[in-house]
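Shown next, in structure tokens, is the structure this report addresses.
Small disclaimer: the values here were computed from a predicted structure and weren't measured. By convention in this document, chain letters (A, B, ...) are assigned in the order of the sequence lines, proteins followed by strands, and residues within each chain are numbered from 1.
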2 protein chains.
Amino acid sequence: MANTAKFDRREVLEKATRLFWQKGFHATSTRDLQQAIDMRPGSIYAAFGSKSGLFREVLHFYADDMARRLQGCMDGEDATIDGLRAFFRQILLQGGDNAPSELCLLAKSLSELEKDEAELLQETRTLLAATEENFRRHVERAVAAGELSEQASPALLARQLQVELIGLRSYLRATGDREAVGELVDNLFCGLLPAGR
Amino acid sequence: MANTAKFDRREVLEKATRLFWQKGFHATSTRDLQQAIDMRPGSIYAAFGSKSGLFREVLHFYADDMARRLQGCMDGEDATIDGLRAFFRQILLQGGDNAPSELCLLAKSLSELEKDEAELLQETRTLLAATEENFRRHVERAVAAGELSEQASPALLARQLQVELIGLRSYLRATGDREAVGELVDNLFCGLLPAGR
DNA sequence: AGCAAAATTGAACGACTGCTCAAGTACGGG
DNA sequence: CCCGTACTTGAGCAGTCGTTCAATTTTGCT
């Protein structure tokens with residue numbers, strides 16, 4: 001080899017993620033991307049293959065970041081339920097100011113991708129399933145630790161959390177009503193996970 | 001006037017709605033539309049002004065249809081809760097085969113529209129708010145009829161229904177798991193609205 | 001029947017799309 | 001220090017986008 005003065009792939013993915021997250025896959029043009037990540041077409045296509053290829057990596061980048069945030073919330077709280085609630089609060093009520101969109105990028109992609117982009121759609125579904133599986137693992141641990149009744153079904157609770165999080169993020173985008181969303185989160189964690197009660 | 005041999009506006013809107021609902025606003029080209037509604041560009045632009053103008057009417061057409069479906073479910077059941085549950089079941093478990101998308105067109109539009117199409121985004125938010133208000137009215141009636149505790153907040157319950165319906169539709173698109181969604185609906189109407197129990 | 005007005009048609013416009021590739025640049029190894 | 005190679009550049013391709021408009025067809029009224 002002879003030349004290695006390359007771009008910072010992590011930094012590029014972060015910027016691309018912000019743009020795709022804000023505008024969506026279709027509405028983001030390759031020229032928008034060129035400007036956002038400061039690369040010329042040739043370099044982009046050499047590094048990522050295509051717009052779809054870049055988006056594919058962006059989806060993974062986003063999902064990894066979400067998983068890391070969830071783990072951070074779990075580590076920061078003693079009880080599993082408190083960790084989950086902290087995660088919901090972080091996603092819905094905190095990061096909202098500098099986040100590119102109120103919505104989940106995966107849910108947004110799930111919404112706009114079609115059979116024409118079957119691979120990306122499949123990728124999105126897989127990553128969403130991994131998120132749900134992640135929730136399930138945490139709920140399972142809470143049951144094992146005696147935080148939740150042994151009758152609680154981790155699979156069902158994880159599904160409910162997934163449904164709620166996506167629904168709440170949509171609601172936030174629809175109304176911008178942080179107060180209402182906060183109340184909904186409180187009700188969710190009182191009603192859905194009646195912890196040591 | 002001299003010529004009135006026009007297209008059937010209702011029929012055109014129905015076909016346009018199906019296409020937009022399936023592909024979304026951005027991914028639907030005017031040529032797709034021309035074919036779907038069997039009209040040439042000049043006629044379309046004379047009748048609807050622009051792609052956005054047509055989409056605007058499509059959003060209303062869809063929202064009206066949803067409101068009609070909800071009313072139909074309420075009329076078909078004695079108790080308010082049974083009507084709401086029938087509506088959830090119809091949207092989530094029945095019509096799915098010939099519906100253009102598992103998702104709510106309003107939620108889908110909310111997801112893909114941006115500041116560039118501010119009017120359409122505002123329209124979408126308004127129609128979603130009307131849907132929530134519709135839920136609220138029904139819940140209020142249920143409280144007045146003694147079906148629900150007087151402590152139940154109609155506004156809160158309506159918000160929860162809105163969040164759940166959008167979340168469940170997303171989940172159905174993500175997984176295609178009708179069985180799981182059915183279970184989630186059952187749990188929702190047991191847990192959220194503990195009627196005369 | 002014949003006319004004026006409304007409705008329809010389809011070719012075409014400029015702008016934009018995702019993407020390619022020949023030419024130019026910058027670096028590590030000898 | 002210079003060569004060879006990996007990387008970068010940006011003009012430009014073929015195709016599609018939303019939209020316009022002169023020409024044509026279709027209609028209701030007289």
Could you give the [atom1]-to-[atom2] distance, from [X] to [N], as a whole number of Å?
X: B:Arg40; N: D:dT25; atom1: CZ; atom2: P; result: 15 Å
X: B:Asp8; N: C:dA7; atom1: CG; atom2: P; result: 15 Å
X: B:Met39; N: C:dA7; atom1: CE; atom2: C1'; result: 10 Å
X: B:Tyr45; N: D:dG18; atom1: OH; atom2: P; result: 7 Å
X: A:Arg31; N: D:dC13; atom1: CZ; atom2: P; result: 13 Å
X: B:Asp32; N: D:dT16; atom1: CG; atom2: C1'; result: 11 Å
X: A:Ile37; N: D:dT9; atom1: CD1; atom2: P; result: 11 Å
X: B:Phe48; N: C:dA7; atom1: CZ; atom2: C1'; result: 14 Å

- request: Measure the acute angle between the ring planes of A:Phe135 and A:Phe87, then classify it against the limits of 30° and 60° as parallel, tilted or perpendicular.
  value: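 Ring orientation, 0 to 90° scale: perpendicular.
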
Taking the inter-plane angle between the rings of B:Phe20 and B:Phe25 on a 0 to 90° scale, is it parallel (under 30°), tilted (30 to 60°) or perpendicular (over 60°)?
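Parallel: the ring planes of B:Phe20 and B:Phe25 meet at under 30°.
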
- Would you please confirm or rule out a distance under 4.0 Å between OP1 or OP2 of C:dT17 and any side-chain N or O of A:Thr30?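 No, outside the criterion.
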
- request: Tell me which nucleotide among C:dA7, D:dT19, C:dC19 gets nearest to the side chain of B:Lys51.
  value: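 Output: D:dT19.
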
Checking contacts here: which listed nucleotide (D:dA11, D:dT19, D:dT8) is nearest the side-chain heavy atoms of A:Pro41?
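Nearest nucleotide to the side chain: D:dA11.
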
Report task. May I ask you to decide whether B:Lys108 forms a salt bridge with A:Glu112, counting only side-chain N to carboxylate O separations under 4.0 Å? Result ->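 Salt bridge between B:Lys108 and A:Glu112, a charged N being under 4.0 Å from a carboxylate O: no.
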
* Which part of the nucleic acid, if any, lies within contact of B:Ser52, taking any heavy atom under 4.0 Å across all strands shown: a base, the sugar-phosphate backbone alone, or nothing? ->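 Result for B:Ser52 = nothing.
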
Under 4.0 Å, heavy atoms only, any strand: does A:Ser43 hit a base, just the sugar-phosphate, or nothing?
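A:Ser43: base contact, heavy atoms under 4.0 Å.
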
Is it true that A:Phe88 and A:Phe189 have ring centroids separated by less than 6.0 Å?
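Ring centres of A:Phe189 and A:Phe88 closer than 6.0 Å.
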
